[in-house]
Each structure stands twice: as structure tokens, then as C-alpha cells.
Trainee: 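First the structure, which I've put down as C-alpha cells, then a few questions once you've had a look.
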Amino acid sequence: MQRIEQHASFGGRQEVWSHFAACLGCDMRVGVYLPPQALRGEPCPVLYWLSGLTCTEQNFITKAGAQEHAARHGIIVVAPDTSPRDPDGKLGVADDEAYDLGQGAGFYVDATEQPWARHYRMQQYVAQELVAWVEANFPASPARSISGHSMGGHGALVTALRNPGRYRSVSAFSPIVAPTQVPWGRKAFEAYLGPDAQAWKAWDAVELVAAARERLPLLVDVGDADPFLAEQLRPELLRVACDAVSHPLQLRLQAGYDHSYYFVASLLGEHFEHHARALR
């Protein structure tokens with residue numbers, strides 16, 4: 001592992017690390033914010049943040065203003081890249097010309113189809129290898145939460161629902177809640193998982209809620225001015241699914257907000273409060 005950035009921030013330190021991810025077969029970049037408590041050697045809980053389509057580890061750490069909230073609550077924030085990468089073209093990591101498939105668009109699934117299966121195992125990375133790496137190399141306690149935006153909101157919800165007991169809280173901004181029913185998800189799932197739509201349901205939050213073994217409360221914020229609201233996000237489907245099985249959901253449609261990091265930054269403090277209560 002190699003530290004490639006460090007910046008003092010709110011009494012703590014924003015770092016960016018590169019480490020080899022065995023399940024992806026490539027180096028991955030990860031933003032890690034260490035609050036003042038962690039710099040003093042105190043074990044701190046960890047919030048994992050999953051970003052959206054086209055993003056790297058940089059989008060969240062530079063645009064969301066997370067460091068102030070993390071410092072106040074004493075939370076380590078871990079923000080990995082969104083897919084395996086192959087900047088030199090030497091590893092054979094598959095890619096696509098479209099922005100919504102391939103590098104930058106891992107969708108947090110474990111691909112089963114070629115040419116994707118060799119490297120695109122983002123669920124295994126986020127839920128297992130990344131957690132093990134963080135807890136082995138930073139002053140991290142076993143208390144974990146997870147959040148994300150857009151494709152990363154889908155990833156956060158699915159990761160929490162697929163791994164009961166692993167996270168104490170989950171939240172999402174503008175998530176793709178039903179990828180099996182919307183264009184972004186159907187395109188990615190057919191490529192990564194093959195043509196069997198039944199297999200896709202294992203990666204769909206709306207489908208997973210029905211059989212969830214843990215009733216972890218879901219906090220979801222969506223802007224009513226989001227251009228992707230009606231076609232790609234479909235938050236009403238999550239409300240129906242949660243109501244059907246009495247799964248706790250706080251779904252908030254926020255007036256005037258769009259899909260951008262201006263939206264995320266505006267409400268991120270409330271999400272930190274949500275996670276801090278659970279992590280305490």
C-alpha cells in the first residue's frame with residue numbers, strides 16, 4: 001500500500017491510498033479521512049461511502065464537505081473508487097465506450113460474465129477485502145456504517161441488505177433502488193450478470209427488502225428536481241416494497257434539489273447524525 005495524498009483538514013487528515021486488491025486483480029485508490037481522534041490513536045467507527053457513475057475516490061472527498069462532519073463525530077470515512085482500473089492498459093481490465101458500463105461503472109456487483117468476471121467483483125471488494133484492509137491498517141473499531149450516492153446509493157443499500165449484521169446503519173442519496181426495472185441497471189446487469197433476469201434480483205434493493213433477515217432502518221434522500229428521478233431512480237418502488245413487509249424506511253423527497261454534489265453536501269450532516277447515533 002502507498003499513501004499518495006495527505007491534507008490536514010478539521011484537525012484530522014484526508015489521505016488517499018493505493019493498495020492491491022486481490023479480488024479485483026488491480027491496484028485500487030481509496031480516500032481515507034482520519035478524524036483527530038484517530039490521529040491520537042483512538043479506535044474510531046468507520047463510514048464507508050460508495051460513489052456513483054463516472055466517479056473516482058476524488059468526487060466525494062473534494063465536493064461533499066464530509067471532513068467537518070467526520071471530525072465532529074469522530075468517524076473514519078472510507079471512499080473507494082467505483083470500479084477496477086487499468087490506467088496503463090496492461091492488466092486487461094475490461095471497459096466500454098459508454099459512461100454507464102465498465103471502468104467507472106462497477107455497480108457494486110460480482111460479475112459472472114466474460115470479459116467482466118475476471119476483475120469486476122466490486123461487492124466482494126467493498127464488503128470484505130476493503131473492510132479487512134481498513135481494519136488492519138487504520139485505528140478502526142468494528143463498528144461500521146455505509147452510505148452512497150446514485151449508483152453508490154444502490155451499492156450501499158444492496159451491500160447492507162446482503163450482509164446482515166455487518167453494518168450498524170445505512171443511508172443513500174438519489175439511489176437506483178430497483179436496477180432490474182430501470183435502463184441503467186438492466187444494461188449493466190445483462191453485461192455483468194448475463195441474460196437471466198432472475199439472477200439480477202440478488203442485486204436489487206427492492207427485491208432484497210422482501211426477504212431481509214435484518215430490519216436495518218433505511219434513510220433515503222432524493223431531490224424532486226433530479227432529472228433521473230422518474231426513469232432511473234424510482235424511489236416510490238422502495239416505499240412500496242418496505243411498506244409490504246414493514247421494513248423501516250425514511251424516504252424524503254427534497255424540494256428543489258437535483259442529482260449533484262450540491263445536494264449531497266446540503267444534507268450530508270443529517271446523514272452523519274443518522275450514522276453517528278447508530279455507531280455510538
Trainee: Kindly say whether Glu270 contributes a backbone atom to a donor-acceptor pair with the side chain of His69 at under 3.5 angstrom?
Mentor: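 Here the side-chain-to-backbone pair does not exist.
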Trainee: Could you note down all residue pairs passing salt bridge (charged side-chain N to carboxylate O under 4.0 Å, His left out) where residues 126-151 supplies at least one of them, sequence neighbours left out?
Mentor: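 Sorted result for residues 126-151: Glu135-Arg144.
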Trainee: Are the side chains of Pro235 and Leu229 in contact, using a 4.5 Å heavy-atom criterion?
Mentor: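 Yes; the side chains approach each other to less than 4.5 Å.
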Trainee: Evaluate the criterion side-chain hydrogen bond (donor to acceptor under 3.5 Å, both in side chains) for residue pair Asp221 and Gln254; output intermediate values, then yes/no.
Mentor: CA-CA 7 Å; Asp221 276 311; Gln254 302 287 357; 2.8 Å; yes
Trainee: Can you run down the ring-ring contact (aromatic ring centres under 6.0 Å, His included) pairs that involve residues 203-236, sequence neighbours left out, and say none if there aren't any?
Mentor: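 Passing the test, one end in residues 203-236: Trp184-Phe228, Phe228-His259.
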Trainee: Partners of Arg29 by salt bridge (Lys or Arg N to Asp or Glu O under 4.0 Å), sequence neighbours excluded?
Mentor: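 Here no residue qualifies.
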Trainee: Taking the side chain as every heavy atom from C-beta outward, state whether Arg121 and Asp110 have any atom pair closer than 4.5 Å.
Mentor: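 A side-chain contact exists here, since the closest heavy-atom pair is under 4.5 Å.
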Trainee: May I ask you to decide if Leu24's main-chain N or O and His119's side chain share a donor-acceptor pair within less than 3.5 Å?
Mentor: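 Judged by distance alone, yes, a pair lies under 3.5 Å.
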Trainee: Quick one: do Ser51 and Thr56 satisfy side-chain contact (heavy atoms from CB on, under 4.5 Å)? Show the steps, please.
Mentor: CA-CA 7 Å; Ser51 293; Thr56 68; over 6 Å; no
Trainee: Not counting sequence neighbours, which residues clear side-chain contact (heavy atoms from CB on, under 4.5 Å) with Glu42? List them please.
Mentor: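 By the side-chain contact (heavy atoms from CB on, under 4.5 Å) rule, Glu42 matches Gln37, Arg40.
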Trainee: Should Val77 and Gln14 count as side-chain neighbours, where that means a heavy-atom distance under 4.5 Å?
Mentor: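 No. Closest side-chain heavy atoms not under 4.5 Å.
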Trainee: Give every residue pair that meets the salt bridge (charged side-chain N to carboxylate O under 4.0 Å, His left out) criterion with at least one member in residues 236-248, sequence neighbours excluded.
Mentor: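 Checked against salt bridge (charged side-chain N to carboxylate O under 4.0 Å, His left out) - neighbours excluded - the pairs reaching residues 236-248 are Arg234-Glu236.
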Trainee: Please tell me if the side chains of Asn163 and Gln123 come closer than 4.5 Å, counting only heavy atoms from C-beta onward.
Mentor: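 SC-SC contact between Asn163 and Gln123 confirmed.
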Trainee: Is Tyr192 reaching over with its side chain to a backbone N or O of Gly102, donor-acceptor style, under 3.5 angstrom?
Mentor: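 Here the side-chain-to-backbone pair exists.
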Trainee: Please determine whether side-chain contact (heavy atoms from CB on, under 4.5 Å) holds for the pair Phe272 and Leu47, giving the CA-CA distance in whole Å, both sets of side-chain angles, and the decisive distance to 0.1 Å.
Mentor: CA-CA 9 Å; Phe272 264 90; Leu47 173 64; 3.8 Å; yes
Trainee: For residues 90-107, which residue pairs qualify under salt bridge (charged side-chain N to carboxylate O under 4.0 Å, His left out), counting only residues two or more places apart or in two chains?
Mentor: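 Matches after skipping sequence neighbours: Asp100-Lys187.
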Trainee: Quick check: closest heavy atoms across Pro84 and Met122, and the distance to 0.1 Å?
Mentor: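 Shortest heavy-atom contact: CD-SD, 3.9 Å.
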Trainee: Strictly distance-based, threshold 3.5 Å: is any side-chain N or O of Asp258 a donor or acceptor partner for the main-chain N or O of Asp226?
Mentor: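 No.
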Trainee: If every non-hydrogen atom of Pro175 is compared with every non-hydrogen atom of His154, which pair is closest and at what distance?
Mentor: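 Between these two residues, the closest heavy atoms are CB-N, 3.8 Å.
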Trainee: Mind checking side-chain contact (heavy atoms from CB on, under 4.5 Å) for Tyr262 and listing every partner two or more places apart, or none if nothing turns up?
Mentor: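 Testing Tyr262 for side-chain contact (heavy atoms from CB on, under 4.5 Å), a comparison that skips the adjacent residues, returns Ser260.
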Trainee: Can you name the ring-ring contact (aromatic ring centres under 6.0 Å, His included) partners of His271, sequence neighbours left out?
Mentor: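 Result, ring-ring contact (aromatic ring centres under 6.0 Å, His included) vs His271: Phe173.
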Trainee: With a 4.5 Å cut-off on side-chain heavy atoms, are Tyr33 and Ile61 touching?
Mentor: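 The answer is no, as the side chains (C-beta and beyond) never meet within the 4.5 Å cut-off.
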Trainee: Can you name the side-chain contact (heavy atoms from CB on, under 4.5 Å) partners of Ala143, sequence neighbours left out?
Mentor: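 For Ala143 the side-chain contact (heavy atoms from CB on, under 4.5 Å) partners, ignoring immediate neighbours, are Pro45, Ser141, Arg168, Leu279.
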Trainee: Which label fits Tyr167 and Tyr48: parallel for a plane angle under 30°, tilted from 30 to 60°, or perpendicular past 60°?
Mentor: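 Judged by the thresholds at 30° and 60°, the geometry between Tyr167 and Tyr48 is perpendicular.
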Trainee: Take Arg162 and Tyr108 through the side-chain contact (heavy atoms from CB on, under 4.5 Å) test and state the conclusion after the steps.
Mentor: CA-CA 12 Å; Arg162 285 175 59 94; Tyr108 305 102; over 6 Å; no
Trainee: Of the non-hydrogen atoms in Leu268 and Gly65, which two are nearest, and what is the gap between them?
Mentor: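 That closest heavy-atom pairing would be CD2-C, 4.4 Å.
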Trainee: Please verify the inter-ring angle class for Trp133 with Trp17; under 30° counts as parallel, over 60° as perpendicular, anything in between as tilted.
Mentor: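 Plane angle over 60°, so perpendicular.
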Trainee: Listed by chain and number, what are the side-chain hydrogen bond (donor to acceptor under 3.5 Å, both in side chains) partners of Ser169, not counting sequence neighbours?
Mentor: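 Expected list: Ser145, His275.
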Trainee: Mind checking what makes ring-ring contact (aromatic ring centres under 6.0 Å, His included) contact with Tyr125, not counting sequence neighbours?
Mentor: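 In terms of ring-ring contact (aromatic ring centres under 6.0 Å, His included), with neighbours along the sequence ignored, Tyr125 is linked to His19.
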Trainee: Is the distance from the ring center of His149 to that of Phe263 below 6.0 Å?
Mentor: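 Not under 6.0 Å, so no.
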Trainee: Would you mind reporting whether Leu50 and Pro80 have side-chain heavy atoms less than 4.5 Å apart?
Mentor: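 Yes - at least one pair of side-chain heavy atoms lies under 4.5 Å apart.
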Trainee: Examine the side chains of Ser171 and Ser147 and answer whether a donor and an acceptor come within less than 3.5 Å of each other.
Mentor: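 There is such a pair (donor and acceptor under 3.5 Å, judged by atom type) between the side chains of Ser171 and Ser147.
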Trainee: Among Ile146, Asn59, Val264, which one satisfies side-chain contact (heavy atoms from CB on, under 4.5 Å) with Trp49?
Mentor: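 Only one option passes, and that is Val264.
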Trainee: Might you point out which heavy atoms bring Ala241 and Val209 nearest each other, and give the distance in Å?
Mentor: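 Of all heavy-atom pairs spanning Ala241 and Val209, the closest is O-CG1, 3.8 Å.
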Trainee: State whether the side chain of Glu214 and the backbone N or O of Gly165 hold a donor-acceptor pair below 3.5 Å, judged by distance alone.
Mentor: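 Yes; judged by distance alone, with no hydrogens or angles, the pair exists.
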Trainee: Pro35 and Ile76: which non-hydrogen atoms are nearest, and at how many Å?
Mentor: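 The answer is CD-CG1, 3.7 Å.
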Trainee: My understanding is that only residues two or more places apart in sequence, or in another chain, count here; which of them pass side-chain contact (heavy atoms from CB on, under 4.5 Å) with Pro183?
Mentor: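 Scan of Pro183 (side-chain contact (heavy atoms from CB on, under 4.5 Å), adjacent residues dropped) gives Arg186, Glu231, Gln232.
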Trainee: Identify the heavy atoms of Leu157 and Leu218 that sit nearest to each other, and give their distance.
Mentor: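 Heavy-atom minimum between the residues: CD2-CD2, 4.2 Å.
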Trainee: Please assess Gln103 against Tyr120 for the test side-chain contact (heavy atoms from CB on, under 4.5 Å), listing each intermediate value before the final yes or no.
Mentor: CA-CA 9 Å; Gln103 295 182 39; Tyr120 283 75; 3.3 Å; yes
Trainee: Please tell me whether Thr180 and Asp204 have a donor and an acceptor in their side chains that are separated by less than 3.5 angstrom.
Mentor: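 Yes, side-chain donor-acceptor contact under 3.5 Å.
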Trainee: Just how far is it from atom OG of Ser18 to atom CD of Glu57, taken to the nearest 0.5 Å?
Mentor: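 Atom-to-atom, Ser18:OG and Glu57:CD are 9.5 Å apart.
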Trainee: Is there a donor-acceptor contact under 3.5 Å from the side chain of Thr82 to the main chain of Cys55?
Mentor: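 Present.
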